[in-house]
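Predicted model only: the values in this text are computed from it and were never measured. No hydrogens, no waters, no symmetry mates; every other heavy atom, side chains included, goes into these values.
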Amino acid sequence: MKVLAIDTSNNVLGVALLNETTVIGEYITNLKKNHSVRAMSAIEQLLAECDTEVKELTKIIVATGPGSYTGVRIGVSIAKTLAWSLNIPIIGVSSLEVLAQNGRYFNGLICPVFDARRGLVYTGLYKQEKGIIVNKKEDQNILLADWLNELSQFNEQILFLGNDVVMHVELIKEILSDQAVIGTVSLHNPRPGELGIIGFQKTDSVVHELVPNYIRLAEAEAKWLEERK
């Protein structure tokens with residue numbers, strides 16, 4: 001079995017090739033560049049380096065969001081096209097869950113964060129239990145200040161992960177003080193290899209039923225609906 005994992009949901013572009021026991025190869029960058037012109041070439045380059053032909057793939061795993069609306073759509077579209085054309089299974093995974101995997105050795109709660117502008121964040125709460133990252137509070141779009149006040153009720157340290165955490169460190173420390181632990185730089189990039197490993201544990205989806213998980217409506221769509229109430 002050879003599985004391709006794809007994550008374009010944020011600035012990090014990640015692609016991995018793996019099987020049940022080995023991450024065969026990973027391609028990852030953290031750049032503010034258009035994934036639409038880079039993702040397919042990254043996939044092609046990775047498969048070539050790993051001496052793997054597209055027809056050898058047996059499953060596609062993709063990060064379905066939340067994150068950048070455009071980024072999420074790019075990854076999901078590529079994944080669905082590959083799965084449909086190859087007639088192989090597809091699996092969608094929360095982008096926040098992928099990032100939370102980087103905290104698997106932390107003895108406390110894990111809080112992945114993507115900035116959503118205007119004081120809002122995409123976030124959730126996870127914890128390692130018997131070697132598995134478990135969701136403790138569902139992924140959501142929420143004002144960071146409100147979220148931090150919720151977290152202050154827990155009697156545990158909380159590890160914050162994500163490249164956007166640096167934008168909010170001051171507020172995090174102001175509300176949570178020593179309860180907050182900020183992940184090191186190397187822990188802030190979601191890893192496509194981890195995405196693939198999570199996907200092995202999840203149920204296959206019907207290709208045409210897999211959709212992005214934006215959590216909230218795009219601003220233009222929200223305004224359009226509001227005008228038509």
Side-chain angles (χ1 to χ4, degrees), residues 2-18 23-50 52 54 57 59-86 88 90-102 112-117 120-124 139 141 161-167 185-199 205 207-208 210-221:
K2 286 188 176 180
V3 171
L4 182 69
I6 305 167
D7 186 357
T8 63
S9 56
N10 289 280
N11 283 339
V12 172
L13 166 62
V15 183
L17 181 70
L18 61 161
V23 176
I24 302 168
E26 279 186 303
Y27 176 97
I28 183 170
T29 61
N30 179 18
L31 302 169
K32 290 184 179 180
K33 291 187 175 182
N34 192 337
H35 294 330
S36 65
V37 298
R38 301 176 61 239
M40 281 306 302
S41 61
I43 292 171
E44 293 170 355
Q45 179 182 339
L46 177 66
L47 294 180
E49 286 290 333
C50 297
T52 299
V54 173
L57 298 176
K59 186 174 294 188
I60 306 293
I61 300 170
V62 61
T64 54
S68 158
Y69 295 108
T70 301
V72 172
R73 282 195 295 270
I74 290 168
V76 171
S77 296
I78 291 173
K80 291 179 69 171
T81 300
L82 286 171
W84 179 79
S85 61
L86 296 169
I88 58 177
I90 189 170
I91 293 173
V93 177
S94 161
S95 302
L96 289 165
E97 183 179 356
V98 177
L99 180 55
Q101 299 299 309
N102 291 351
V113 173
F114 300 142
D115 184 68
R117 300 181 183 179
L120 293 161
V121 293
Y122 296 115
T123 189
D139 294 350
N141 179 228
L161 297 174
N163 288 303
D164 296 333
V165 169
V166 66
M167 302 166 58
V185 172
S186 62
L187 296 179
H188 290 323
N189 284 344
R191 299 296 299 268
E194 297 290 351
L195 167 61
I197 292 169
I198 300 169
S205 299
V207 173
H208 297 303
L210 182 73
V211 294
N213 179 21
Y214 299 125
I215 293 186
R216 72 176 187 187
L217 294 176
E219 185 174 354
E221 186 176 0

Beyond-backbone contact of N189 with N163, side-chain heavy atoms, under 4.5 angstrom: yes

Side-chain donor or acceptor of K80 paired with backbone N/O of L210 under 3.5 Å: yes

Audit row: V12, D7, side-chain contact (heavy atoms from CB on, under 4.5 Å) steps and yes/no: CA-CA 8 Å; V12 172; D7 186 357; 5.7 Å; no

Side chains of P190 and L195 in contact at under 4.5 Å (non-hydrogen atoms): no

Closest contact, heavy atoms only, I61 versus G199: CD1-CA, 3.6 Å

Non-hydrogen atoms of R117 and D115 that approach each other most closely: N-OD2, 3.2 Å

Side chain proximity check, V62 to T64, heavy atoms < 4.5 angstrom: yes

Nearest-0.5 Å distance, CD1 of residue I24 to CG of residue L46: 9.0 Å

Gap between atom CG of L4 and atom CD1 of I60 - 0.5 Å precision: 4.5 Å

Candidate pair D164 and V121, rule side-chain contact (heavy atoms from CB on, under 4.5 Å), full reasoning: CA-CA 9 Å; D164 296 333; V121 293; over 6 Å; no

Residue pair F114, L96: steps toward the side-chain contact (heavy atoms from CB on, under 4.5 Å) verdict: CA-CA 8 Å; F114 300 142; L96 289 165; 3.5 Å; yes

Under 3.5 Å: donor-acceptor pair, side chain of T123, backbone of P112: yes

Heavy-atom pair with the smallest gap, counting every atom of D139 and G124: OD1-CA, 3.9 Å

I28 versus P192, closest heavy-atom pair with distance: CD1-CD, 4.0 Å

Name of the residue among N102, V165, L99 meeting side-chain contact (heavy atoms from CB on, under 4.5 Å) with L187: N102

H35 (side chain) donor-acceptor with N10 (main chain) under 3.5 angstrom: yes

Flag side-chain contact, heavy atom, 4.5 Å: E26 against R191: yes

Contact check, side chains of Y27 and L13, non-hydrogen atoms, under 4.5 Å: yes

Considering all heavy atoms, the nearest V72-S9 contact: CG2-CB, 3.7 Å

I90 and L82: CA distance, side-chain angles, deciding distance, side-chain contact (heavy atoms from CB on, under 4.5 Å) verdict: CA-CA 9 Å; I90 189 170; L82 286 171; over 6 Å; no

Any I78 side-chain heavy atom under 4.5 Å of I43 side chain: yes

Heavy-atom check, side chain of V211 versus side chain of V76, under 4.5 Å: no

Side-chain heavy-atom pair R38, L31 within 4.5 angstrom cut-off: yes

Minimal non-hydrogen separation, G193 against L18, with atom names: O-CD1, 4.0 Å

CG-OG1 distance between L17 and T52, expressed to the nearest 0.5 angstrom: 4.5 Å

Main-chain N/O of I74 paired with S77 side-chain donor or acceptor, under 3.5 Å: no

